[in-house]
Number of protein chains: 2
Amino acid sequence: MKENWNTGNLDTLLLGILRQRAAHGYELIQKLKETSEAVFDLPEGTVYPSLHRLEKTGAISSSWDSSSGRRRRIYAITPNGRAALQSGKKAWAKYSHSVNMVLGMSS
Amino acid sequence: MKENWNTGNLDTLLLGILRQRAAHGYELIQKLKETSEAVFDLPEGTVYPSLHRLEKTGAISSSWDSSSGRRRRIYAITPNGRAALQSGKKAWAKYSHSVNMVLGMSS
DNA sequence: CTTCATACCTAGAGTATCTAGGTATGAAAG
DNA sequence: CTTTCATACCTAGATACTCTAGGTATGAAG
């Protein structure tokens, strides 16, 4: 992942959801909404391109599943993705600490 | 300010610096760098447009100062700006809490 | 007198998000 | 049975912010 939180942070959030278990795109949107208490209520036009980016860089891999009759693309995090998640978390820790400093909030 | 942290957050950061005392643009860049421990080391091409945005929306006001020989545009936060800062801080609190949830970090 | 830090500015490139459209299936309601 | 809604995928183009890369000008230092 990049070492700047300010851009492409959705990629890190998706890896954060996928770190526990694989999921398909639509499901990720819902989990992101649930886990964030509706703060991240993102349109598909935002999330799908992000997933395609992550797959292109090898952070996640996908496979089609049709067991439910309805076709789904299941995404799973790769070892590369876990490394990217770790550096993304570090970037977040630095970024959030700095914002707290600048805004004069408890860090 | 907008209720979404993800976009236009630099505006809130600048208000955070200006909440204590007025400052000119170049100085704000340095203070942002100092206060954030170099995490926010932003180019002028990023910061000046942000200041112009803030002035256009009435969150800050500016005046020219030539007392140092070198001309400087001094920015001060307005009452509107303080209100915008408050809502920006609320947006940040919600956003950062949600990121911590999604990434599984201590919130 | 040249170089560097200060101090301002903007146009255009780059990039991420969002809007708005499209397709298709399963379930529920009437 | 057929219409409607949630599921489930996709992309093209608009929007918006950041950054690059240029420009100008002054004061200080060497």
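Atoms considered below: every heavy atom in the structure, side chains included; atoms not considered: hydrogens, waters and symmetry mates. Throughout, protein chains are lettered first and strands after them, A, B, ... in sequence-line order, and every chain is numbered starting at 1.
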At under 4.0 Å between heavy atoms, what does B:Glu44 touch on the DNA or RNA strands: base, sugar-phosphate, or nothing?
-> base
Nearest-neighbour nucleotide for the A:Leu42 side chain, C:dT17, C:dC18, C:dA7 considered = C:dC18
Would you kindly give the NZ-to-P distance between A:Lys56 and D:dC10, to the nearest whole Å?
-> 13 Å
Take atom OH of A:Tyr26 and atom P of C:dT25, then tell me their distance rounded to the nearest Å.
-> 17 Å
Between C:dC8, D:dT18, C:dT25, spot the one nearest the side chain of B:Thr46, thanks.
-> D:dT18
Contact class for B:Gly25 (heavy atom, under 4.0 Å): base, sugar-phosphate, or nothing?
-> sugar-phosphate
Do B:Asp65 and B:Arg71 sit within salt-bridge range, that is, some charged N less than 4.0 Å from a carboxylate O?
-> no
Is a side-chain donor or acceptor of A:Ser98 paired with a backbone partner of A:Lys94 at a separation under 3.5 angstrom?
-> yes
Could you tell me the separation between the OH atom of B:Tyr48 and the C1' atom of D:dG22, rounded to a whole number of Å?
-> 15 Å
Using only side-chain N and O atoms of B:Arg53, determine if any of them is under 4.0 Å from OP1 or OP2 of D:dT18.
-> yes
When rounded to whole Å, the CD to C1' distance for the pair B:Glu55 and C:dC9 reads 14 Å
Check the distance between D:dC9's P and A:Arg70's CZ and give it to me in whole angstrom.
-> 10 Å
Can you check the B:Leu51 CG to C:dA7 C1' distance for me, whole Å?
-> 13 Å
D:dC19 C1' sits how many Å from B:Asp41 CG, rounded?
-> 13 Å
Going by distance alone, is a donor N or O of one side chain under 3.5 Å from an acceptor N or O of the other, for A:Trp92 and A:Asn9?
-> no
Nearest-nucleotide wise, let me know which of A:Ser50 and B:Arg72 is further upstream toward the 5' end of DNA chain C.
-> B:Arg72
B:Arg73 atom CZ is separated from C:dA7 atom C1', nearest whole Å, by 12 Å
Tell me which of A:Gly69 and A:Asn9 sits closer to the 5' end of DNA chain C, going by the nucleotide each one is nearest to.
-> A:Asn9
Output the single nucleotide from C:dT17, D:dC10, C:dA7 whose closest atom is nearest the side chain of A:His52.
-> D:dC10
Most 5' of B:Ser68 and B:Gly45 on DNA chain D, judged by nearest nucleotide | B:Gly45
Kindly compute the distance separating CD1 (B:Ile77) from OG (B:Ser61), expressed to the nearest 0.5 Å.
-> 10.0 Å
Using a strict cut-off of less than 4.0 Å between a Lys/Arg side-chain nitrogen and an Asp/Glu carboxylate oxygen, indicate whether A:Glu55 and A:Arg73 qualify as a salt bridge.
-> yes
Go through C:dT6, C:dT10, D:dC17 for me and flag the one nearest to the B:Pro49 side chain.
-> C:dT10
Below 4.0 Å: OP1/OP2 of C:dT6 and any side-chain N or O of B:Gln30 | yes
